[in-house]
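Below, chains carry the letters A, B, ... as their sequence lines are ordered, and counting in each starts from 1.
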Amino acid sequence: MGNPLVIYNTLTRKKEVFNPLVEGKVGLYVCGPTVYSDSHLGHARPNITFDLLFRYLTFLGNKVRYVRNITDVGHLEDEVEGVGEDRIAKKARLEQLEPMEVVQKYMNTFHRNMDELNVLPPSIEPRASGHIIEQQEMVDSILKNGYAYESNGSVYFDVEKYNQEHKYGKLSGRNIDDIKTNTRELDGQSEKKNSFDFALWKKASPEHIMRWPSQWSDGFPGWHLECSVMSTKYLGEQFDIHGGGMDLIFPHHECEIAQSTASQGKEAVKYWMHNNMITINGQKMARSLGNFITLLELFTGSHEILEQAYSPMTIRFFILQAHYRSTIDFSNEALQASEKGLERLMSAMKTLEELTVSGTSSVDLKSLKEKCFAALDDDLNSPIAIAHLFDGVKMINSIKAGTEKISANDLEELKSFYNSMVFDILGLKEEEIADSGDNEVLSGAVELLINLRKEAKANKDWATADKIRDDLKALGIELKDTKDGIEWSVI
RNA sequence: GGUCUCUUGGCCGAGUGGCUAGGCAGUGGUCUGCAAAACCAUGUACGGCGGUUCGAAUCCGCCAGAGACCUCCA
């Protein structure tokens, strides 16, 4: 600490010193999921990234209001054809459920998965369907300001008009002429003046079930609108940080900027932050590519490309071991490496509690702490921070081994530092290992064999001792001889 | 096609004009009846070709390869 926190602002494409609009208070908005199917590996990235940001800003003494929405209406698929079906409505039709049952079901799953990943709940989690009035108000004000037009019961944002006074495309770095020449003109889009105009309000077709009355038509809000509305409602006309996945930069966030500017005359967001994607075998995970892995599948190992189950903390650690603006490539090898690395770190956390103190210290705590905080201050460089934590692990183990010494004061400081860093900021936690003791018959039987093996060992009957160990292993039970006795675990 | 990004050792993944990233794997060692685990130590690198520079993996140019966005995606 001591250094200012610097974050990369997508808008300026530069690292900038982070100064909140109000000293000591931070407004943070992150695009949440559209709850129409199980949460997947891709959802883990932004939620963990911004959880880290939330935790670190809080650790630095800020009062953070973190708003993360739930999209439960208005997110269409296949919109290019002009006949897009609402994702939630479609799922409801396929599963024969009420749309709000679909929403509830997958929102519950999302919350459970986030909890498993130790992602803290946001301060406010607003839902698009609960803010229809406010969305209509914003459509109205954009219309009044002349940046939108009504067409056949729907309202569209007039991108060309907006672009004359403000620059449309400043976030994604594209200009409207490029978009013009590169967007397909399609039949059936005659409602719009230009193909790149986007819907603020859509008139519902007769079979569309999720609909609300409005002055324009019975319909529903456009997808981009909810974030503009809910962010400013809870964080104010201007707020500090807006986050999300890089794939949302265009068009979603670009449209948000246009909407805010068109309705209130000024931009809402000071810093835009975007996390990069997770790839699988070098390719983006996408439904269309068939390489989708849900979080549940990861945690249970039930997907054909998974060699084993990976715990939520392994996933979290894996994601934190890469910088949030880099892509990370998923593979069994990489996850297994993270799993082992995490074990090493966590076992050092235990060692920390068993250290004995000396009169003096031979270790340099100050430098370790400074390096870790400097890494986080530099655009949340968690991989560097973790690298330094591993240097600290070496230090902790050396103290245990007696080759380094630590004073009582320093030990307290070291413990407090590791607790803050590992548990509070990185958000890692001890995982409960599947308790073999659940099954009393099994543990009784294993204890019996262990005692037989102890006798064999005492008699130096190595053949019998090894046979018990090997046969148990073949059954999936591993024995380890330690100083304190024999430990066993189910593999 | 347009816009942009990336290419680091066996794998993952930081960094960046001169100073060991780190993890996993490998190798050597300590411990152990043997193993396993744990701990300690340790080698290999910056896509190719030019250029700038005292010095480039790091800056510039070209070439090759990969990816992202432009359409739903986190």
### Query
Base, sugar-phosphate, or nothing for A/Ile278, non-hydrogen atoms under 4.0 angstrom?
base

### Query
Mind checking the C1' distance from B/A35 to B/C31? Whole angstroms is fine.
12 Å

### Message
Between the base of B/G33 and the side chain of A/Asp466, is there a donor and acceptor pair under 3.5 angstrom?
### Response
yes

### Task
Determine, stepwise, if the pair A/Lys366 / A/Glu370 fulfils salt bridge (charged side-chain N to carboxylate O under 4.0 Å, His left out).
CA-CA 6 Å; A/Lys366 192 160 170 271; A/Glu370 277 171 5; 3.5 Å; yes

## Note on the structure
Heavy atoms of A/Ile396 and A/Ala348 approach each other most closely as CG2-O, 3.9 Å

#### Entry: P-based separation of B/C60 from B/G23 [nearest Å]
32 Å

### Task
Respond yes when some side-chain nitrogen or oxygen of A/Lys473 is under 4.0 Å from OP1 or OP2 of B/A36, and no when none is.
no

### Task
Quote, to the nearest angstrom, the C1' distance that separates B/U30 from B/U44.
25 Å

### Message
For A/Lys371 and A/Gln321, find the nucleotide of RNA chain B closest to each by heavy atoms; which residue's nucleotide sits nearer the 5' end?
### Response
A/Gln321

### Atom-to-atom span, CD1 of A/Ile384 to C1' of B/G23 - whole angstrom
12 Å

### Below 4.0 Å: OP1/OP2 of B/A74 and any side-chain N or O of A/His40
yes

### Message
In this structure, how many angstroms lie between the C1' atom of B/G15 and the CG atom of A/Asp378, rounded?
### Response
10 Å

### Query
Taking any strand in view, what nucleotide pairs with B/C69 in a Watson-Crick or G-U wobble way, both distances under 3.5 Å?
B/G2

### Query
Counting only Watson-Crick or G-U wobble pairs whose two distances fall under 3.5 Å, which nucleotide matches B/C54?
B/G18

### Query
Between B/G13, B/G22, B/A74, which nucleotide has the shortest distance from any of its atoms to the side chain of A/Pro383?
B/G13

### Message
Check this for me: does the side-chain of A/Arg344 come within 3.5 Å of the base of B/C24 through a donor and an acceptor?
### Response
no

### Query
What integer number of Å spans the P atoms of B/C12 and B/U3?
31 Å

### Task
Could you tell me whether the side chains of A/His111 and A/Glu125 share a donor-acceptor contact shorter than 3.5 Å?
yes

### Task
For A/Lys460, answer base if it contacts any base atom (sugar-phosphate contacts may also be present), sugar-phosphate if it contacts only those atoms, and nothing otherwise; contact means non-hydrogen atoms under 4.0 Å.
nothing

### Message
How many whole angstroms separate atom NZ of A/Lys457 from atom C1' of B/A36?
### Response
11 Å

### Task
Tell me whether the centres of the aromatic rings in A/His274 and A/His253 are closer together than 6.0 Å.
yes

### Task
Could you tell me whether the phosphate oxygens of B/A14, OP1 or OP2, come under 4.0 Å of any side-chain nitrogen or oxygen in A/Ser326?
yes

### Task
Would you check if there is a donor-acceptor pair between the side chains of A/Glu339 and A/Ser311 at a distance under 3.5 Å?
no

### Message
Counting only side-chain nitrogens and oxygens, does A/Asn397 get under 4.0 Å of the OP1 or OP2 atom of B/A38?
### Response
no

### Task
Answer with base, sugar-phosphate or nothing: what part of the nucleic acid does A/Met246 contact at a heavy-atom distance below 4.0 Å?
nothing

### Query
Around A/Lys415, counting heavy atoms of other residues, nucleotides and ligands shown, do more than 12 lie under 6.0 Å from its NZ?
yes

### Query
Contact class for A/Gly42 (heavy atom, under 4.0 Å): base, sugar-phosphate, or nothing?
base

### Query
Between A/Tyr324 and A/Trp462, which is nearer to the 5' end of RNA chain B once each is assigned its nearest nucleotide?
A/Tyr324

### Message
In this structure, how many angstroms lie between the P atom of B/C69 and the CZ atom of A/Arg13, rounded?
### Response
15 Å

### Message
I need the CD-P distance between A/Glu339 and B/A25, as an integer number of Å.
### Response
11 Å

### Task
Over 60° means perpendicular and under 30° means parallel, so classify the ring planes of A/Phe373 and A/Tyr56, tilted if in between.
parallel

### Message
Can you tell me how the ring of A/Phe317 sits relative to the ring of A/Phe390, calling it parallel under 30°, perpendicular over 60° and tilted otherwise?
### Response
perpendicular

### Task
Identify the nucleotide, in any strand shown, that forms a Watson-Crick or G-U wobble pair with B/G26, with both distances under 3.5 Å; if there is none, say none.
B/U42

### Task
May I ask you to say what A/Lys400 touches in the nucleic acid, namely base, sugar-phosphate or nothing, with a heavy-atom cut-off under 4.0 Å?
nothing

### Task
Give A/Ala401 one of three labels, base, sugar-phosphate or nothing, depending on what nucleic acid heavy atoms sit under 4.0 Å from its own.
nothing

### Task
Assign A/Ala387 to base, sugar-phosphate, or nothing according to its heavy-atom contacts below 4.0 angstrom with the strands shown.
base

### Message
What is the separation between atom CD on A/Glu254 and atom P on B/A68, rounded to the nearest whole Å?
### Response
21 Å

### Message
So A/Leu248, base contact, sugar-phosphate only, or nothing? Heavy-atom distance under 4.0 Å.
### Response
sugar-phosphate

### Message
If you only use heavy atoms from C-beta on, which nucleotide in B/C12, B/A35, B/A74 is closest to the side chain of A/Asp481?
### Response
B/A35

### Query
Rounding to a whole Å, what distance do you find between A/Met346:CE and B/A37:P?
21 Å

#### Entry: Separation of atom CD1 in A/Ile249 from atom C1' in B/U5, rounded to whole Å
11 Å

### Query
Looking at the side chain of A/Lys394, which of B/G13, B/C40, B/C70 is the nearest nucleotide?
B/C40

### Task
Report the base-pairing partner of B/C62 (Watson-Crick or G-U wobble, both distances below 3.5 angstrom), or none.
B/G48

